[in-house]
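Read through the structure below, which is laid out as structure tokens, and then see the notes.
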Amino acid sequence: MTNQELKLKSIEYRKKILKYIYHAKAGHTGGSLSCVDILNVLYNKVMNVSPANFDDPGRDRYVQSKGHSVEALYVVLADVGFFPEEDLLTLCRYKSPYIGHPTRKVRGMEQNTGALGHGLAICAGNALAAKKDNLPLNVYTLLGDGEMAEGSNWEAMMLAAHYKLDNLCAILDYNKQQITGANADVIGLEPLRQKVEAFGWAVKEVDGHDVEAMADLLNNAPFEEGKPSFLIAHTIKGKGVSFMEKVLKWHHGVPSPEQYELALSELDRELEKLTVQV
Amino acid sequence: MGIANSKYVPNLIVFSETMQALAELDKDIMVVTSDSRGSGKLVPFGEQYPDQIVEVGIAEQNLVGMAAGLASMGKKAFAVSPACFLTARALEHVKNDVTYSDNPVKLIGISAGVSYGALGSTHHSLHDFAVLRAIHNITVVAPCDNFETTEAIKQAAEMDSPVYLRFGKKGMPTLNREFDPEFKIGKGRTIRQGENLTFIATGEAVLPCEEAADILEEKHGLKARVISMHTVKPLDKELILQAASNGQPIITAEEHSIHGGLGEAVASLLFQNGFRNKFKIVGLPDEYTVTGSQVEIFKHYGISGEGLMKTALHLCEPSNTVG
């Protein structure tokens, strides 16, 4: 897939995220818009996982630790063929498997997540088991910046470094906001890079909306032999919709009909611009 | 007395030996410890099977998360930690990473109940049955003796679903196997037959029931049935209802809070099935728990031969309708 195609997909994904959140009248809009480029790159450019190999023990593993941004994951999984996209019209409806967090009732999901600070330790277990069995697979997890306050993440970081799990890559969707406000005001996370490096991980930073740069970095993981990789992806909460960007209420805000139309028209303009460039 | 083998071996030692036997035959057996290798008597295991033991440090949340990750890759992961930490500090990881995600981890709660009696409530686990009974998709087992411990571990290893197994560190004999020579997770075992009352107990509270039954028979001419309800969840409903069917008193005994444990599970089952037998739950009351050795604490709260005998006499007295 070309970088141009990836960029087009990112915009299409944003439109779909909004469509299904709008339809369900529920969802984590801001976080889904901030992490969707990361998921786009992982599923379309990096990971060896698809509906065809999902039962193969040798597939790459992805666990979404920041489970609440599930709408972005649903849209990407549908696009790569795990289930029909129209299933998402049942999002958050009575008895729908498409609930507000990942569950294994949905094909393509590896683990049930939602509570924060759980993904990394599970991934460390996956990565260690793969090493024991000499399976040449990689394990990826997406962390939220707010959840970095969970002590279990730091326990898992010690663990992964101790066992030299260089087949493990954690990506931080660093949009710098959480439900109460800026991370810096809620509980300071900085200096993050130094902290993660001090825990024995190899760290790189990237613009979390630059699909080309992310693909390049992730396809060259591990960043350092014998160390787990930590990619700090600097993102913008609500990315792609001007009135949602960095505005706290969109953490789990649902657009009104007017806002929805406005958001779609903004994204369509972006799409046009990109297509013209082609 | 219903003791088949009077060699008193801690169930913990039996666990460790059984794990070695399993690991020898199955390379997918993986023990995960949280600086609990020594407490779990797993040092020989670690020496013999260094590739099958994973140390996570004093980090119980990671113990369970890591074990879930190993299990989801097909490993038979046994997460071993004192029951007090495993089922309290790591509870959210048990609930989400193990049971909700259906990763078939075997959670091994060592030195359970008041095994660490003198160390205080930080080290007691008197809540574990209660919390795990309320969580979907986990089997809860407390073997009463060496035989049940060995069998429970072997069977748990073969189960493709989450299991919590808890036991203590005090030497235990092997109880009578005359009536129920087999062990099966989910099926209670009759240790002693008797028609005047029934003790339904679990884990290390079964032995004092046996002792009480001895005294009742020798000194008071009362014959007590003793059931080892090793599987607290799912309950062997059939055996309990059958035990209640003669209308005689029922006493439950457990090394657990009287709230939310075996006793309340049995009471709920009986009441909802129309049984109104005289009934008493023996366990640890809702109070600041007394400290001392496990034996002393058991005695203090009446989980002893003498204490259970008195409870039984009280209930068997026709004029007493409540325990």
Side-chain angles (χ1 to χ4, degrees), chain A residues 55-65 67 99 101-106 109-135 137-141 147 150-163 165 167-168 199, chain B residues 23 26-35 49-79 81 85 89-107 135-138 160-162:
Chain A
D55 297 317
D56 174 359
R59 71 188 183 277
D60 286 341
R61 302 296 197 280
Y62 172 75
V63 177
Q64 188 156 312
S65 194
I99 67 167
H101 291 111
T103 71
R104 291 165 65 184
K105 290 196 175 211
V106 172
M109 296 296 186
E110 295 283 1
Q111 301 291 340
N112 297 6
T113 55
L116 297 170
H118 286 256
L120 199 50
I122 296 173
C123 287
N126 286 171
L128 183 65
K131 288 220 174 238
K132 296 242 177 226
D133 290 345
N134 294 314
L135 288 171
L137 58 83
N138 291 312
V139 183
Y140 301 86
T141 186
E147 76 165 312
E150 293 281 9
S152 52
N153 279 325
W154 299 92
E155 288 181 14
M157 284 211 269
M158 286 173 72
L159 186 66
H162 181 82
Y163 286 101
L165 300 177
N167 53 348
L168 170 61
F199 271 68
Chain B
D26 187 347
K27 292 296 148 203
D28 279 334
I29 293 277
M30 199 75 83
V31 164
V32 193
T33 52
S34 50
D35 202 19
Y49 306 101
D51 292 336
Q52 288 172 262
I53 189 162
V54 180
E55 177 60 66
V56 304
I58 305 172
E60 290 80 12
Q61 300 177 82
N62 258 236
L63 172 82
V64 176
M66 160 66 84
L70 289 169
S72 80
M73 297 288 285
K75 298 293 175 197
K76 293 175 179 173
F78 283 69
S81 183
F85 311 130
R89 190 178 200 118
L91 183 61
E92 192 184 80
H93 296 258
V94 171
K95 171 175 168 264
N96 297 345
D97 309 351
V98 177
T99 66
Y100 181 47
S101 278
D102 197 23
N103 289 312
V105 174
K106 312 309 164 203
L107 298 156
I135 289 175
H136 169 61
N137 192 30
I138 187 160
D160 196 25
S161 60

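Chain identifiers are assigned alphabetically (A, B, ...) following the order of the sequence lines, protein sequences preceding nucleic acid strands; residue numbering begins at 1 within each chain.
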Largest heavy-atom contact set with chain A, pairs under 4.5 Å, which of [options]:
options: B:Glu60, B:Gln61, B:Lys95, B:Lys27; value: B:Gln61
options: B:Val64, B:Asn62, B:Leu63; value: B:Asn62
options: B:Met30, B:Met66, B:Glu55; value: B:Met66

Checking the side chain of [X] only, and the main-chain atoms of [Y] only, is there a donor and an acceptor separated by less than 3.5 Å?
X: B:Thr33; Y: B:Asp35; answer: no
X: B:Asn103; Y: B:Val105; answer: no
X: A:Asp133; Y: A:Leu135; answer: no

Could you check which of A:Glu155, A:His162, A:Glu110 has the highest count of heavy-atom pairs closer than 4.5 Å to chain B?
A:Glu155

Relative to chain B, which of A:Arg61, A:His118, A:Arg104 shows the most heavy atom pairs under 4.5 Å?
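The candidate making the most pairs under 4.5 Å is A:His118.
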
Below 4.5 Å from any heavy atom of chain B, which atoms of A:Ala130 appear? Answer side chain, backbone, both or neither.
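Both parts, backbone and side chain.
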
For A:Asn112 and B:Asn96, what are the C-alpha separation, side-chain angles and deciding distance, and is it a side-chain hydrogen bond (donor to acceptor under 3.5 Å, both in side chains)?
CA-CA 7 Å; A:Asn112 297 6; B:Asn96 297 345; over 6 Å; no

Do the side-chain N and O atoms of A:Ser65 and A:Thr141 include a donor-acceptor pair separated by under 3.5 angstrom?
no

Check: A:Thr113/A:Gln64 side-chain N/O donor and acceptor closer than 3.5 Å
no

Given heavy-atom pairs under 4.5 angstrom as the criterion, report whether the side chain, backbone, both or neither of B:Val54 touches chain A.
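Both the backbone and the side chain of B:Val54 come within 4.5 Å of chain A.
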
